Number of protein chains: 2
Amino acid sequence: MYLGSWLSRLCRGLSRPIGKTMRPIWGSFSRNLALSSQRIPEFSSFVARTNTCGELRSSHLGQEVTLCGWIQYRRQNTFLVLRDCHGLVQILIPQDESAASVRRILCEAPVESVVRVSGTVISRPPGQENPKMPTGEIEIKVKTAELLNACKKLPFEIKDFVKKTEALRLQYRYLDLRSFQMQYNLRLRSQMVMKMREYLCNLHGFVDIETPTLFKRTPGGAKEFLVPSREPGKFYSLPQSPQQFKQLLMVGGLDRYFQVARCYRDEGSRPDRQPEFTQIDIEMSFVEQTGIQRLVEGLLQYSWPGDKDPLVTPFPSMTFAEALATYGTDKPDTRFGMKIVDVSDVFRNTEIRFLQDALAKPQGTVKAICVHDGAEVLPIFLNAKKNWSSPFAKFIMDEERLELARSLEIQEEDMVLLTAGEHEKACSLLGKLRLECADLLEMRGAVLRDPAVFSFLWVVDFPLFLAKEESPTELESAHHPFTAPNSSDIHLLYTEPEKVRGQHYDLVLNGNEIGGGSVRIHDAQLQRYILETLLKEDVKLLSHLLQALDYGAPPHGGIALGLDRLVCLVTGAPSIRDVIAFPKSYRGQDLMSNAPDSVSPEELKPYHIHVLWPADSEEESASATPSKHLSS
Amino acid sequence: MYLGSWLSRLCRGLSRPIGKTMRPIWGSFSRNLALSSQRIPEFSSFVARTNTCGELRSSHLGQEVTLCGWIQYRRQNTFLVLRDCHGLVQILIPQDESAASVRRILCEAPVESVVRVSGTVISRPPGQENPKMPTGEIEIKVKTAELLNACKKLPFEIKDFVKKTEALRLQYRYLDLRSFQMQYNLRLRSQMVMKMREYLCNLHGFVDIETPTLFKRTPGGAKEFLVPSREPGKFYSLPQSPQQFKQLLMVGGLDRYFQVARCYRDEGSRPDRQPEFTQIDIEMSFVEQTGIQRLVEGLLQYSWPGDKDPLVTPFPSMTFAEALATYGTDKPDTRFGMKIVDVSDVFRNTEIRFLQDALAKPQGTVKAICVHDGAEVLPIFLNAKKNWSSPFAKFIMDEERLELARSLEIQEEDMVLLTAGEHEKACSLLGKLRLECADLLEMRGAVLRDPAVFSFLWVVDFPLFLAKEESPTELESAHHPFTAPNSSDIHLLYTEPEKVRGQHYDLVLNGNEIGGGSVRIHDAQLQRYILETLLKEDVKLLSHLLQALDYGAPPHGGIALGLDRLVCLVTGAPSIRDVIAFPKSYRGQDLMSNAPDSVSPEELKPYHIHVLWPADSEEESASATPSKHLSS
């Protein structure tokens, strides 16, 4: 691909800008979140306070209140700002001699100490109101104060978190959680999940069913953590999803299942992936693709945070073929255009050699995207200024220019990126460039992807199988082997299986895959044919599932939504680690507790395993007979 | 204990009667469960049916309906009973020639095949109504029918499940799930959990927060499954509860946390325990013991199934000392009396030698329970018929008889069980006998424990520490080392720590512990003293928690309710396996899929472990130098 070096130049020194986070202010979110429910929860029931700090307003004037919280800061020993999970409130430190002990407590306790105060809600003196603070019209005239726990010197200041390294934040996660943004993210997540449950359970009769996480290895299930059992040589496996169980529940007549399911995937070090993650897992009997799609649209609409624009349904839908041809990816970011256009016909008679060569090959194409205003900010390859400045400009004939300008709607100061090659590769490359261009334009101040816009998109009609990369004559499932073929393509299973499309659907949000599902195969014979004949899988490991399909399995289908990613996008957090209370680092470690950790040989004994240190395994590969090793 | 042999005779050949299950009928439960919510869910949204089988009533007469379900049975090719998740409905098989194809489908499809039928709801002919069937007034006049999936010959009949062995039920769990009882249990569980979430999230502002299950070994945390990581010698651990995380969330200012948490415990083979189980996990800041108790009472009252008597709150409370003295256990079944009475004073001047001996010892006591009507049904030891028939009767003096009759309220035909010995052991033995007597009386037809009665009880004021069994001069935590001491006992920590009571509370239902919690230690220095000085634990493994307490930890407390056990008791299921969709056998196996299973050495490689077959380990213990083994 001749654009390769340019691409790498473009990418060098560029990193994706972190997501634009919207920062609501303390004290506003709890009320917003609460209002999305039917009634405001009682945040102070059962505990030793009358109110939360953040909820106090002028309407509380004159009330005697007891508050518990952390000392956020203190000003000249006259004011103290107290913080709890709902926000900040100003405490007036009494100055008179009779309140010496209260004064001492409030003046001497270090910042981030925990105190309980009782007093009266009073107006701030005129002119001293703080309109930026939700509680800014009032303050507390304290009568009693109690130091509940003093705070030692902190490793960093809580209020200025953003500048800390992520490693430090993760090491002291319990301090990081006190930040406004983490409180907001975790509460919003909880509220969204609650609304989803209401929608599924209370409105649509779904049954919340827990499925095991100590299970058995899936065929081809690399990436599954193992759990040694007390039986020598026998291992449980932590499944990547409840896929088999949800299907078996349908065979069991449960009709409508959902679960907020913990899933596991051992991918070693991967940025922005977690070894354990959560999905909203759904399965229904007697359903077709559109049924699941409408259900999920309703689910997201119902659970969508009240402080964002309501979602419009149904979501648009696009075939995989169209997504690839237009956006160069199966997860298009449809918030902006810059679509890929096939300009092969423009160059049928071109004199430019590499375009000629590309078009001469079978499935050769020329593709282009037009980057509006790209000429102003991007390194120029082929821009559409009046001058068509490009090393190739002089070889482009006038009628080609006209035709190109027409099909790409080129205007002055636009830039055109052209590529030539096989359809899928050409599209895929331009798809990546499209995102890089968007990043670059936004770094220079353009707004292509408004953080308030949420573009959902269904991608459908995926191929059922792909050629294996390492062995292109063999097939593998594009998603998983339980996906039903499109009914109109079933005959192709026996003749041209690579052309079969599956009843699979992906849900994409702003260019991120946030869900995927399918109508499943409920016919045992078809499932066996696909597993054995087409995929050459060992069906012994799945015999229970195949048998289940024989015993009156209903037609069924489902979906799984990636909760971490979804909440990350909704909150605008820079990483999924910011919507998980205790995430692992990109190397899979818990930096706070130092997990995973060493264990003693004694602790391994009940599990009949021992550690094969790297030196051992070298010795092992050097040794000739594996049997010798087994008995060593 | 001189009653030992009698006890073992009593127990021999006795197994506890399985719980009395109440069997509601198909079609009634979905409406009951639904009604407990605000509105009836739409059970047929998004799918290819108009109604569920079980919901049809006379009010649907004349409606055109499409139903999907399983063929439950067929009678003389004229009727067919169709079943779905909501119940049964009768289908009239058309007899006229024009409907030959419909007739063929409905007559030829094997039982448990899946069909879709469309037709009209009509009245059954007069006299043919079935009042036992919720849909018994109507039937369906079919127009079209479609075979969705045929069923092969089943390994057993679905409708008559109770007689199958549990192993067979677990092997074909997806068929077992079709039984009414499993459908009821799983749906009731889902509904109860949903109501709990509403109560916690929507009514009381709790935040649902997921905590990691890939964590680090807990100090003294035997019983934790290990998960090898890709780093040689480093293991995750699957925690027994989110205890550390919930406390850290309080330090992080999350204020009110809950989670329906998956927990893990590797206890090897234990009947009626599961290697993975679920608890309702709750933690609050600024709370005292009574706050948690009132919260939990409200939680259970709110989520209690509508088809049972409402719960009365607050629940009664009893100290550990009283529970032991009166019921011989820390989890008394308070549905019936038969309380333990200390009759030491009655026998102060006894001539019976073994009673004399027992009372002469320090802390020697004589205890008794009176089994009402026990003389009629139980093997007699000392019964209180007029004759006082007992080998020891002649040694009991008249005034002793009078006093005994008075303190135990003995009536004719009652039986008295006497034991002598140290207080705790004597109570504990009589506590076990009390339950055995209740079993025996109930097997003979007495009703001591009405299945409609739910007796909740708080047990409080537990000792904070126990003497280690293997080394009585050392202390271990009675519950866990994070439990706060009763404030009135704190001074004893430094003088007589074994006398300190903890702020721990257990919730008991019908003699089963269904929850336990405590106010936690929020003072780092106190926590360190207990861990290091009193418990001699290695605090390195908990350094993150101790550090967190130093940085402004609020006072906090919480509780965990065992969901599996609670739902088991509420549904009256004989085992917790009946309220779990895919339980493990008592040996920790999934009998359906055959987990745990063997994995190839290739699959173990990324985890740097290898299997130590029993032969290896013998060889290992025979070998002299562990270092040799490490490098082998």
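As the structure is a computational prediction, the values presented were derived from the model and not from experiment. Within every chain, numbering begins at 1; the chains are lettered A, B, ... in the order of the sequence lines, protein sequences first and strands thereafter.
Interface residue A:Lys153: only backbone heavy atoms are found under 4.5 Å from chain B. Heavy-atom distances place the backbone of B:Ala150, and not its side chain, under 4.5 Å from chain A. For A:Tyr264, the part sitting under 4.5 Å from any heavy atom of chain B is the side chain, from C-beta outward, and nothing else. For A:Tyr607, the part lying under 4.5 angstrom from a heavy atom of chain B is the side chain only. Only the side chain of A:Leu563 comes within less than 4.5 Å of a heavy atom in chain B; its backbone stays farther off. Only the side chain of A:Pro555 comes within less than 4.5 Å of a heavy atom of chain B; its backbone N, CA, C and O stay farther away. When heavy atoms are compared at a cutoff of 4.5 Å, B:Arg262 approaches chain A solely by way of its side chain, counted from C-beta outward. Heavy atoms of B:Gln547 lying under 4.5 Å from chain A belong to its backbone as well as its side chain.
Ion pairing of B:Asp597 with A:Lys540 is absent here, as no side-chain N (NZ or NE/NH1/NH2) approaches a carboxylate O to less than 4.0 Å. Ion pairing between a basic and an acidic side chain is recognised when a charged N comes within 4.0 Å of a carboxylate O; A:Arg230 and B:Asp266 show such pairing.
The nearest pair of heavy atoms linking A:Val599 to B:Phe235 is CG2-CD1, 3.6 Å.
For the pair B:Glu198 (side chain) and A:Glu198 (backbone), a donor-acceptor distance under 3.5 Å is absent. Of the possible donor and acceptor atoms, none in the side chain of B:Glu231 sits under 3.5 Å from a partner among the backbone N and O of A:Pro596. With A:Lys216 contributing its side chain and B:Asp590 its backbone, the two residues share no donor-acceptor pair below 3.5 Å. At distances below 3.5 Å, not a single donor-acceptor pair connects side-chain atoms of A:Arg189 with backbone N or O atoms of B:Asp208.
Ring pair A:His204/B:Phe46 is tilted by interplanar angle, where 30° to 60° counts as tilted. The aromatic rings of A:Phe286 and B:Trp70 sit perpendicular to each other, their planes meeting at more than 60°, with 30° as the lower class boundary.
Applying the side chain to side chain contact (heavy atoms under 4.5 Å, CB included) criterion to B:Val207, with sequence neighbours excluded, gives A:Arg187, A:Ser190, B:Ile209. Residues meeting the side-chain hydrogen bond (donor to acceptor under 3.5 Å, both in side chains) test with B:Ser543, sequence neighbours left out: none.
Of the residues considered (B:Pro212, B:Ala595, B:Gly291, B:Ser113), B:Pro212 shows the highest number of contacts with chain A, using heavy-atom pairs under 4.5 Å.
Taking CG of A:Leu186 as the reference point, atom CG of B:Leu249 lies at 8.0 Å (rounded to 0.5 Å).
With 3.5 Å as the limit, one finds no donor-acceptor pair spanning the side chains of A:Arg217 and B:Ser600.
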